[in-house]
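In what follows, chains are A, B, ... by sequence order, proteins preceding strands, each numbered from 1. Just so we're clear, the structure is a prediction, and the values are computed from it rather than from any experiment. These values consider heavy atoms only, across backbone and side chains, with no hydrogens, waters or symmetry-generated copies.
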Amino acid sequence: MEHSYQPRLLEQAIQQGWERQNPWRATEDSTRPKYYCLSMFPYPSGKLHMGHVRNYTIGDVLARFHRMKGFNVLQPMGWDAFGLPAENAAVKNSTAPAAWTYENIDYMRGQLRTLGFAIDWSREIATCRPDYYRWEQWLMTRLLDKGLVYRKTGTVNWDPVDQTVLANEQVIDGRGWRSGALVEKREIPMYYMRITAYADELLEDLDQLDGWPEQVKAMQRNWIGRSEGAEIHFAYAEGEGSLKVFTTRADTLYGATYVAVAAEHPLATAAAQHNPALAAFIEECKRGGVAEAEIATQQKKGMDTGSFVVHPLTGARLPVWVANYVLMSYGEGAVMAVPAHDQRDFDFATQYGLPMQVVVQPADGPLAEPLTEAFTADGVLVNSEDFSGRHSPEARTKMGAVLMALSSGAPRIQYRLRDWGISRQRYWGCPIPIIHCAACGEVTVPEEDLPVVLPEQVVMDGVGSPIKKDPAFYTTTCPKCAGPATRETDTMDTFVESSWYYARYACPDQDQSMLDGRANYWLPVDQYVGGIEHAILHLLYARFFNKLMRDVGLITHDEPFSRLLTQGMVLKDGAKMSKSKGNTVDPQPLIEEFGADTARFFIIFTSPPEQSLEWSDSGVQGAFRFLKRVWTLGQQLAAAGTSTSNCDAPEEQLRDLRREVHASLKQANYDMERQQFNTVASASMKILNTLEKLHGLGAGAITREGFSILLRLLAPITPHLTEALWAQLELGGPVYDAAWPVADEAALQRDQIELALQVNGKLRGSLAVAASASKEDIEAAARTHPNVLKHLEGLVVRKVVVVPGRLVNLVAN
RNA sequence: GCGACUGUGGCGAAACUGGUAUACGCACGAGACUUAAAAUCUUGCGCCGUCAGGCAUGCGGGUUCGAGUCCCGCCAGUCGCACCA
């Protein structure tokens, strides 16, 4: 009597066994290579979505695979628990963000356990707990002392109706999401982290990240955006001082016909004081949000300020324009405009009838004027006094030297990367450990007073942050002078918590310091798994924090993540799953109906990890069908008992089938190493197809051998099913500790091989030859093949290409 | 707008370094078992053509004996753009 496959009961029983033995608990062990496998921790939004299931399944496959390969594996889990959605939910449901968050964590933890991940839960972290965030406050005070955190004004989205700062996602088509009011830009004081001080190192160390996808490294390089150029000073025509611009094209300096500044530039502000039209235009530029995509796609507009600056070499008076395409946040917030050699300047100059001057000609002859577009390539200089006749790169170098001699500029390296603004005017975040004292100014909270605890029993009314209205929180005394003082009421960007959690997992119970020696054992993370959407910000900030922690002496390595796997999105009907589109699939009912193993297998099988995954209910059925077949064959083998025969089958048919099993295993091992898990799942399906044939032929030992391979191959993907069958077949120990299978090379040997036969690259037949056949033998056999002879009729063979083991191609004309 | 990526049957996809395109599944067709259905099993399945054969990897070129794979130019879609996480 066969038992049917009942995943719910089976999985619960297996999980209870794991909870008793706790095999995922990791401890430092110098005798084995360590493998720290980390998946990006979730925001506790309420319940798991398919993206989480996919992310953690991929991580779990890697963790379990490496355990079977003999590594000392750590796979932790935690909660990125601060953030905006908790505040929104609190306003909507009249609950406190903390209570909502803890409830979600409890529910989602239960879901993760149901999925059977090999997680060391003793290391669980929630970033909203004071025992976690106190250490980030501690680090912040160190960084303030080192000058790596500083205060300046920054631009935010301001909702004039709700009187509140909006996140970019809360700005929809230039309007506040609740009030519908037109959003304005507003300057407020904020704290910044000096990530630009590490720009060069963040850029250069990308080269040592061999285990990262090239595309992610390329995105980070572009984001950092190092460019070599020059700073050029244009003296004000009236009054003292000069306007600084940065350019990578100093060679085009003689072609500058005007300069343009951002609306927020001091020069624009000054000029607007006695020019109402200009003031109105600047106000217009300040409308709209701060998102770069919005700014970059808006129509280019500008206005003459009426002021002039002086060209540092020619002495010409150049008009100063305000232009909305100039970004205050990049360089000096001002550009020299060279319409003939910069497309944006060309478009702007064309629109406003500003002059153009060609100063660079292409090597192959002069440009046809008037220009129809800017000539932006390097070339030979003209109309540039002493510089005429020089090539662009040479001219750039010389220009830097000449400007320096005139004190009108200097060569300079500029980054696109800006310092990281970490202040948020929100409640549900880590308090910034600073006290403002009328007498002493800005004072960091002393170490013994940390953590600055965020009160959790609050009422969210949707208007402003509770701690900004709570004297019990913000009223304090100055640590320096003991006089009355107020606490900073802004909280930190939640990217701060996620920038160092990977290190804290090594020693989550440490209450005397941020990290201890265990961090140097486990770090760097050997494999990091997460969504491609984090390719730039999170991963750059985490790399930055690693270097900060290194430089305060907490850890020794330079980079946090040795290998990175960026998993694709989960789609339904070709679109990202989202509540608004109504195309979500809840993992919970799926697991209840088919079990975690089916969900895991479907996710692994359906797409390679880095690509998007198209959800398919019938695909889930297919996965379930496959696991049922594995179960059924397992029951039959268990009933048959151990075979007395051996695997050295004399019959050719059995030898061929056994070869198929080992060939699939060999391919699967290759695919496992290159993290192409979908074809590992395919290979396991092929092996099952073959094993069913072998079982039908009564080949007991070969089938049993193949089945033990199949169970181990599937163990990382479907751990419950394989654990149960492994025990039932008495294969020894738990399958999670079984040795990873390796193909038997002897089984892969073959005497005869099939070659493809081509004439002029077209397939004309196939040829069976001895595996040992020489090129000459193969060519001779190919020339006598009837279909080949037919296609060679009237032609002379000019060349024969033999690709060993693959094909023979006769080239004839 | 800028940066990065993706595009192969009706669908998800495979083809590792250029070497027999469509493995493995899904859906669908036919059959078996069944009173029936579900489940399960067997079998067929890129397109055109009666065959011979021809045409097919988003579109247009190129390199090569040979291109899904390499190069150039387009088109479409996806992700990121600094306060969503």
For nucleotides 1-9 of chain B, give me one character per nucleotide, 5' to 3': B if any protein heavy atom sits under 4.0 Å from the base, S if the only such contacts are to the sugar-phosphate, - if neither. B-SSS----

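If you take OH of A:Y5 and P of B:A39, they are 17 Å apart, rounded to a whole angstrom. Taking atom CE on A:M685 and atom P on B:G25, their separation rounds to 6 Å, with Å as the unit. Whole-Å rounding puts the A:E169 CD to B:C84 C1' distance at 4 Å. Between the CD atom of A:E294 and the C1' atom of B:C81 there is a distance of 12 Å, given to the nearest Å. The CD-P distance, from A:Q621 to B:C26, rounds to 10 Å in whole Å. A:R424 has its CZ atom 5 Å from the P atom of B:C83, to the nearest Å. Put simply, CZ on A:R178 is 15 Å from P on B:C84, counting in whole angstrom units. We find that CD of A:Q676 is positioned 4 Å from P of B:A15, with the value rounded to whole Å.
Residue A:R806 places no side-chain N or O under 4.0 Å from the OP1 or OP2 atom of B:C16.
Under 3.5 Å, the side chain of A:R798 and the base of B:C65 form no donor-acceptor pair of N or O atoms. No hydrogens or angles were tested; on distance alone, a donor-acceptor pair under 3.5 Å links the side chain of A:N809 to the base of B:C65. Counting distance only, with no hydrogens placed and no angle test, the side-chain atoms of A:Q425 and the base atoms of B:C83 include a donor-acceptor pair under 3.5 Å.
When heavy atoms are screened at a 4.0 angstrom cut-off, A:S423 is found touching base atoms of the nucleic acid. Looking at heavy-atom distances under 4.0 Å, A:E754 makes contact with a base. Across all strands shown, A:R764 has heavy atoms under 4.0 Å from sugar-phosphate atoms exclusively, and none from any base. Among the heavy atoms of the strands, none lies under 4.0 Å from A:F626. A:H791 comes within 4.0 angstrom of sugar-phosphate atoms only, judged by non-hydrogen atoms across all strands, and of no base.
Ring centroid separation for the pair A:W79 and A:Y43 does not come in under the 6.0 Å cut-off. Aromatic pair A:F41/A:Y501: centroids less than 6.0 angstrom apart. In summary, the aromatic rings of A:W500 and A:Y132 are positioned with their centroids under 6.0 Å apart.
Comparing B:A82, B:C84, B:C79 against the side chain of A:M569 picks out B:C79 as the nearest.
When the P atom is compared between B:C84 and B:C70, the two are found 36 Å apart, to the nearest whole Å. Nucleotides B:G77 and B:C59 are separated by 15 Å at their C1' atoms, to the nearest Å. With C1' as the reference atom, B:U57 and B:U40 are 36 Å apart, rounded to whole Å.
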